[in-house]
Number of protein chains: 2
Amino acid sequence: MATELTVLEPVSTSCCSPVTGGVLSDAEATSLAARFKAMGDPSRLRLLSLIAATETGEACVCDLNESLDLSQGTVSHHLGILVKAGLLTRTKRGQWSFYALVPGAMATLARALDA
Amino acid sequence: MATELTVLEPVSTSCCSPVTGGVLSDAEATSLAARFKAMGDPSRLRLLSLIAATETGEACVCDLNESLDLSQGTVSHHLGILVKAGLLTRTKRGQWSFYALVPGAMATLARALDA
DNA sequence: TCGAGGCATCGACAATCGTCAATGTACGCG
DNA sequence: CGCGTACATTGACGATTGTCGATGCCTCGA
């Protein structure tokens, strides 16, 4: 299995060469695959959609935890993966951690599929 | 880990509810995640880009095998996963198996990210 | 009919993943 | 200070994954 990047740069830069626009280099493929792998789990996709569906555009772990029927630790783990993949941001405010979508991150990924 | 679908329906129908367009149901999330998981590996992304970059839009295993520095069995394995995910088609012609992109499959996936 | 090429499948292996319960850490309120 | 809340981290587990070498199945040409 490929070695995993500990932290991914923002999704916006040179990361997302289109899959159908010429042969991907090893580095390009690895970077893109890391982000798709982060979205390759039902729980994480539901987390993304739950956050996107909020009024304020952000949500804390306690809210997400109730909606997902997963243990609190597991939800926190998944959110951490999505942050590392550059899809979510984490903002600590008082006692809570608020997670929000990185603006344009998924759109940039989408463009890597369209070409 | 979630149970895996043995075969996915075509990408075009009701599969790809947008991630940012309301909370995903369990089934929607599972179906979408299965396709993203198929793209969550560098070798498979390179296979997709190699096929997309061909003149004819298709390629046989022997060609892909040389370009990827993987064993023949491994390449065949990855191609099978991409077929099951509804991203590639397989056409046997004589002695060779030709793999081609499913038209619109990746574009539909892209639309699930844009919303 | 035989041999060789092209591909799929099998068995095995280490590595990674998703999940949980338990514990650790930081903050806010008495 | 001490307690409770919100969250992160740890350790452990079964399951899945990516990879290989070996083997089996077709198809073609001699």
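Chain A is the first sequence line, chain B the second, and so forth, proteins listed ahead of strands; every chain is numbered from 1.
Shown for residues 45-54 of chain B: no residue has heavy atoms falling under 4.0 angstrom of DNA chain C.
Applying the side chain to side chain donor-acceptor pair (under 3.5 Å) rule to S97(A) yields the partners R90(A); only residues at least two apart in sequence or on another chain are considered. Applying the side chain to side chain contact (heavy atoms under 4.5 Å, CB included) rule to N65(B) yields the partners Q72(B), V75(B); only residues at least two apart in sequence or on another chain are considered. With sequence neighbours excluded, the residues that form a side chain to side chain contact (heavy atoms under 4.5 Å, CB included) with T74(B) are L70(B), S71(B), H78(B). With sequence neighbours excluded, the residues that form a side chain to side chain contact (heavy atoms under 4.5 Å, CB included) with A107(A) are R111(A), D114(B). Residues meeting the side chain to side chain contact (heavy atoms under 4.5 Å, CB included) test with S67(B), sequence neighbours left out: L50(B).
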With the criterion being N/O to N/O and under 3.5 Å, what pairs connect the protein with nucleotides 1-10 of chain D, and how long is each?
from	atom 1	to	atom 2	distance (Å)
dT5(D)	O2	Q95(A)	NE2	2.4
dC7(D)	OP1	V61(A)	N	3.3
dC7(D)	OP1	S97(A)	N	3.3
dC7(D)	OP2	C62(A)	N	2.7
dC7(D)	O3'	S97(A)	OG	3.3
dA8(D)	OP1	R90(A)	NH1	3.3
dA8(D)	OP1	Y99(A)	OH	2.5
dA8(D)	OP2	S76(A)	OG	2.2
dA8(D)	O5'	S76(A)	OG	3.3
dA8(D)	N7	Q72(A)	NE2	2.9
dA8(D)	N6	Q72(A)	OE1	3.1

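What separates CG of L70(A) from P of dA21(C) is a distance of 11 Å, to the nearest Å. Here dT19(C) presents its C1' atom at 17 Å from CG of L64(A), a figure rounded to the nearest Å. Rounded to an integer number of Å, the gap from CD1 of I81(B) to C1' of dT19(D) is 11 Å. One atom, CZ of F36(B), and another, C1' of dC17(C), lie 19 Å apart when rounded to the nearest Å. The distance between atom CE of M39(B) and atom C1' of dG18(D), rounded to the nearest whole Å, is 17 Å. Atoms CG (D41(A)) and P (dT16(C)) sit 18 Å apart, rounded to a whole Å.
I81(A) forms part of no hydrophobic cluster, judged by ILVMFWY side-chain heavy-atom separations under 4.5 Å.
Under 4.0 angstrom from either OP1 or OP2 of dT19(D) there lies at least one side-chain N or O belonging to H78(B). Phosphate proximity of dT27(D) to R93(B): absent, as no side-chain N or O sits under 4.0 Å from OP1 or OP2. At the phosphate of dG18(C), neither OP1 nor OP2 sits under 4.0 Å from any side-chain N or O atom of S43(A).
Residues V23(B) and F98(A) do not share a hydrophobic cluster, clusters being chains of Ile/Leu/Val/Met/Phe/Trp/Tyr side chains in contact below 4.5 Å.
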Under the criterion side chain to side chain contact (heavy atoms under 4.5 Å, CB included), I'd like the reasoning laid out for L87(A) against R44(A): C-alpha separation, chi angles, the key distance, then a yes or no.
CA-CA 11 Å; L87(A) 298 171; R44(A) 289 197 287 270; over 6 Å; no

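Applying the salt bridge (charged side-chain N to carboxylate O under 4.0 Å, His left out) rule to pairs touching residues 52-62 of chain A yields E58(A)-R93(A), sequence neighbours excluded.
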